[in-house]
Amino acid sequence: MEYNFNEIEAKWQKYWAEKQTFKADNNSEKPKYYVLDMFPYPSGAGLHVGHPLGYIASDIYARYKRHKGFNVLHPQGYDSFGLPAEQYAIQTGQHPAITTETNIATYRKQLDKIGFSFDWTREVRTSNPEYYKWTQWIFTQLFNAWYNKESDKAETIDTLVATFEKDGNANVKAVCDEDITTFTAEEWNAFSNKEKEAILAKYRLTYLSETEVNWCPALGTVLANDEIVNGVSERGGHPVVRKKMMQWSMRITAYAQRLLDGLGTIDWPQPLKDSQTNWIGRSQGASVKFQVENSEDMIEVFTTRPDTIFGVTFMTLAPEHELVSKIVTEDRKEAVEAYIEATAKRSERERQADVKTISGEFTGAYAIHPFTGEKIQIWIGDYVLASYGTGAVMAVPCGDQRDWDFANHFGIEIKNIFDGIDISEAAYAEKDAKITNSDFLDGLNVKKATKQVIYHLEQKGIGEGKINYRLRDAVFSRQRYWGEPFPVYYKDGMPQMIASEHLPVRLPEVEKYLPTEDGKPPLGNATVWAWDTVNNEVVENSKIDDETIFPLELNTMPGWAGSSWYFNRYMDANNENEFVSKEAVDYWKEVDLYIGGSEHATGHLLYARFWQKFLFDLGLLPVDEFAKKLINQGMILGTSAIVYRLSGTNTFVSKNLVKDQKVEELRVDVKLINTSDELDVEKIREWQPQYKNAEFILEDGKYIVGREVEKMSKRWFNVVNPDDICEEYGADSLRLFEMFLGPLEQSKPWNTAGISGVHSFLKKLWRLFHNNNEFTVSDAAPTKEELKVLHQTIKKVDEDIENFSFNTSVSTFMIAVNELQKLKCNKREILEGLVILISPYAPHIAEELWSKLGHKESVSTADFPIFEPSHLVESSKEYPVSFNGKMRFKLELPLDMSKDEIEKVVMAHEKTQAQLQGREPKKVIIVPGKIINIVG
RNA sequence: GCCUUGGUGGCGGAAUUGGUAGACGCGCUGGAUUCAAAAUCCAGUUCCCUCGGGAGUGUGGGUUCGAUUCCCACCCAAGGUACCA
């Protein structure tokens with residue numbers, strides 16, 4: 001009976017599916033544990049061996065936790081809205097839903113082959129109306145909420161309205177738009193509905209606003225920053241303009257501080273926390289208002305160094321700053337306008353890339369220094385960003401290098417306010433100098449001066465201490481087809497939410513997936529796309545009458561909408577009445593272990609935390625962080641194969657024959673290479689026509705290829721398909737090998753050659769149970785030595801899994817099997833333990849052996865074996881060192897010994913040593929967990 | 001530039017709170033079995049040499065009886081981020 005992995009794996013995969021072995025129950029006496037993978041976007045290319053790495057790790061942990069007596073939730077689903085399916089639709093006309101369906105089927109087939117313990121009864125797809133109904137519902141909740149700074153949480157909008165009706169808005173502390181004017185209760189009550197709505201919009205957590213986007217008229221679409229190269233579109237090279245569009249935004253800035261604080265409470269990787277911290281970009285300082293000379297206008301700036309205010313010698317505004325056109329003097333107008341036009345042409349990316357060039361223009365206007373009353377020049381310069389702070393800075397050339405460079409370049413005064421510091425060559429940005437030349441700040445250090453200045457600013461009513469965040473509100477509209485439609489229609493130009501009982505608003509059918517000719521989003525192509533407020537439904541072929549039938553929102557939601565809450569949906573995936581029931585979410589609470597890529601650090605993982613906090617504020621969720629622990633799995637890289645073509649010929653030389661010859665390096669399919677880097681010269685001739693008649697110059701009768709480690713990608717021909725590996729070596733080998741490659745978090749190259757090691761390990765394991773191809777185990781009692789092997793393995797594997805060092809436990813299995821093989825051990829007790837230990841890693845072979853051992857139930861429900869340290873008594877190691885009259889040695893002792901027992905053993909050891917060395921035994925001092933000291 | 005992570009044989013990578021560096025696997029070398037191959041098993045495999053040793057965990061210092069591990073400085077690589085006032 002050979003180890004027939006294909007047969008075994010198919011058999012147990014079918015068994016698991018039929019018995020629903022991994023279906024999680026929402027009611028259980030057992031403690032809960034929720035293990036989650038970042039759900040995939042089902043792309044047309046299918047999975048390569050890099051994708052399942054994290055899934056294998058989480059599956060091992062999920063299976064392990066089941067052995068340890070936990071009720072484990074381990075679901076999977078698909079983030080199935082997205083651009084590729086839409087682009088395919090634009091090219092071929094095939095509906096994205098069909099493309100998505102096909103791709104999901106492929107994914108499912110591939111995933112099933114690897115033997116994951118997913119509970120598929122809870123599968124979610126973000127593009128299913130039953131799912132996006134609740135994404136739309138959450139959107140309406142955000143619309144009907146505002147952020148109360150007083151209670152520091154989101155509240156429903158009616159609490160705000162009630163306050164307005166009673167007291168106006170003078171005492172309301174909210175995170176809202178900046179241009180709010182104060183009104184009394186009487187004024188509020190006198191406003192028209194439309195006026196009220198306009199005001200409320202400034203408070204809502206999702207709101208419409210004019211936002212600048214990169215608009216490409218030729219492609220008829222909005223482009224992301226990285227889709228633009230040198231001011232033209234990456235695809236096609238069409239011109240791109242900055243254009244303002246009405247877009248939905250999410251007021252994520254309301255949560256900036258809590259998103260920052262929350263990081264302290266979750267066990268996530270430091271680099272990921274750091275990048276979220278940077279992204280939020282909290283900086284503490286002050287806002288200061290500068291009066292413009294001969295004008296009512298004030299220029300507000302944000303500074304982190306208010307203490308340097310006496311060093312201000314000019315101000316710089318972003319070219320886009322709204323005051324520029326107002327304050328510019330007649331004689332400077334031409335130059336300033338030319339400069340503004342020149343900057344507008346450059347993309348934000350270009351402006352940022354070009355840090356070296358110093359440019360700017362004097363506006364001709366002056367501001368008044370708030371303390372000295374001096375006139376200071378107002379300049380514009382593109383080193384000031386309109387999107388950060390107030391879009392204006394008070395320039396302190398002695399303390400800021402950019403200001404220094406600017407002043408130096410344009411010959412503006414550089415005033416030194418640092419005591420004993422030379423600023424003739426560069427600005428001094430350190431915070432350890434005493435302030436001088438600064439009136440009431442003279443002689444103070446930075447900290448005290450800052451406090452003083454803020455006090456004076458507040459006294460004068462022209463500034464205050466302020467915390468500024470880099471984080472900006474998130475644009476939530478996309479001019480795409482394949483996304484969630486908004487549950488919004490427009491009445492009198494004001495957005496109206498569609499009530500939850502009428503959701504979902506389903507995606508309409510369209511003829512074309514491109515934007516309309518008049519520049520509307522693709523949904524504008526729908527003939528059926530208006531809302532009937534009488535029957536509460538999308539109406540067909542009806543005219544908008546602005547009485548009962550209103551136009552629907554034509555944008556769709558971005559990719560991160562559906563993925564910002566899916567982890568909660570898994571808890572109660574088939575609930576038709578709620579996004580998740582209270583009972584379910586109170587039971588599962590949050591994800592205990594989340595595994596996925598670090599590329600989502602400032603996207604998905606930030607937005608998901610935001611929505612979680614929001615839903616928590618409304619009392620809909622019991623915890624405000626959705627994932628306790630998170631692990632970023634590394635990327636599996638491909639190992640490309642390179643052939644060398646002599647320049648200008650069709651002759652290919654083997655790697656070591658290249659020497660100094662001029663060659664072109666071409667990548668060839670890794671499937672054509674054997675384990676010794678040798679190219680199959682016959683097969684490559686059929687692979688691509690250009691090799692058909694090529695000449696290959698061999699070394700030692702072989703053509704040896706070069707190797708390069710790089711990202712797995714079709715274009716490098718280095719993609720390895722897991723299906724092929726499963727076919728040739730089995731899923732268990734694939735699982736073990738992916739873990740064996742190296743630490744989970746690390747990026748590492750794939751090399752199919754190495755899989756033979758884990759594969760032959762599985763064959764050895766199989767042979768432990770088989771004698772002359774007959775299944776044979778002995779019921780005799782195991783020897784101490786055999787028990788030792790098992791227990792060492794239990795201890796190590798248990799530790800490894802808890803530490804997520806799955807790679808080292810594979811080595812531990814190999815050592816165990818080698819030792820048992822040498823001991824010719826086929827004792828039932830030992831082998832049973834081993835099977836359970838291995839089952840999270842190689843579940844199929846474990847199930848097969850388990851059932852052959854006579855068990856009726858699946859091994860997945862078996863208890864993890866318990867480590868008994870008493871079996872390890874004999875293992876002791878010592879490291880003797882003697883110095884300075886002290887004797888030190890380390891003894892490895894069994895874990896179940898008491899201090900007294902240890903002392904006995906150590907004294908015995910010391911006696912022997914003393915006897916050997918012909919001296920008196922010394923006193924023994926036990927320091928638990930440390931090297932044992934024997935003091936003379 | 002800044003932040004983060006890392007740097008160990010031909011390769012992937014082990015090494016507990018500082019305690020025999022290189023576990024385990026790949027590859028390679030030799031051997032057994034075989035008509036032969038596959039498969040399997042056994043032995044060897046950090047480097048250098050004069051076969052007795054010597055050097056060795058990116059580089060240079062330091063702490064220590066003892067450092068891959070801790071401290072300082074530097075070099076290199078990967079990821080994130082950037083005129084952030």
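Residue numbers start from 1 in every chain, and the chains themselves are labelled A, B, ... in the order their sequence lines are given, proteins ahead of strands.
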For [X], report the nucleic acid contact type (base, sugar-phosphate, nothing); a contact means any heavy atom under 4.0 Å.
X	answer
Asn807(A)	sugar-phosphate
Asn278(A)	nothing
Thr316(A)	nothing
Gln401(A)	nothing
Gln276(A)	nothing
Ser756(A)	sugar-phosphate
Pro269(A)	nothing
Asn818(A)	sugar-phosphate
Lys764(A)	sugar-phosphate

Once you apply the 3.5 Å cut-off to both distances, tell me the Watson-Crick or G-U wobble partner of [N], or none.
N	answer
C74(B)	G58(B)
U50(B)	none
C11(B)	G25(B)
G1(B)	U81(B)
U63(B)	none
U69(B)	none
C35(B)	none

Just to confirm, is there a sub-4.0 Å distance from OP1 or OP2 of U40(B) to any side-chain nitrogen or oxygen of Lys763(A)?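 For Lys763(A), the contact criterion (side-chain N or O under 4.0 Å from OP1 or OP2 of U40(B)) is met.
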
Whether Arg472(A) contacts C84(B) is assessed here as follows: a side-chain N or O lying under 4.0 Å from the phosphate OP1 or OP2. Is that the case?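 False: Arg472(A) side-chain N/O out of range (4.0 Å or more) of C84(B) OP1/OP2.
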
Quick one: [X] [atom1] to [N] [atom2], roughly how many Å, whole number?
X	N	atom1	atom2	result
Leu744(A)	U5(B)	CG	C1'	15 Å
Lys748(A)	A14(B)	NZ	P	10 Å
Gln792(A)	C24(B)	CD	C1'	15 Å
Arg767(A)	A39(B)	CZ	C1'	9 Å

Could you go step by step and tell me if Ser805(A) and Asp800(A) meet the side chain to side chain donor-acceptor pair (under 3.5 Å) rule? CA-CA 5 Å; Ser805(A) 315; Asp800(A) 283 345; 4.7 Å; no

If you take the centroid of each ring, where Trp contributes its six-membered ring, are Tyr3(A) and His770(A) closer together than 6.0 Å?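 Ring centres of Tyr3(A) and His770(A) not closer than 6.0 Å.
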
Can you confirm whether or not the ring centre of Phe406(A) sits under 6.0 Å from the ring centre of Phe314(A)?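 Yes, the ring of Phe406(A) comes within the 6.0 Å limit of the ring of Phe314(A), centre to centre.
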
Pick one: which of Tyr729(A), Trp750(A), Tyr841(A) meets ring pair (Phe, Tyr, Trp, His ring centres under 6.0 Å) with Phe737(A)?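 With Phe737(A) as partner, Tyr729(A), Trp750(A), Tyr841(A) yield a single ring pair (Phe, Tyr, Trp, His ring centres under 6.0 Å), made by Trp750(A).
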
Between the main-chain N or O of Val396(A) and the side-chain N or O of Asp403(A), is there a donor-acceptor pair closer than 3.5 Å?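 Checked: pair present.
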
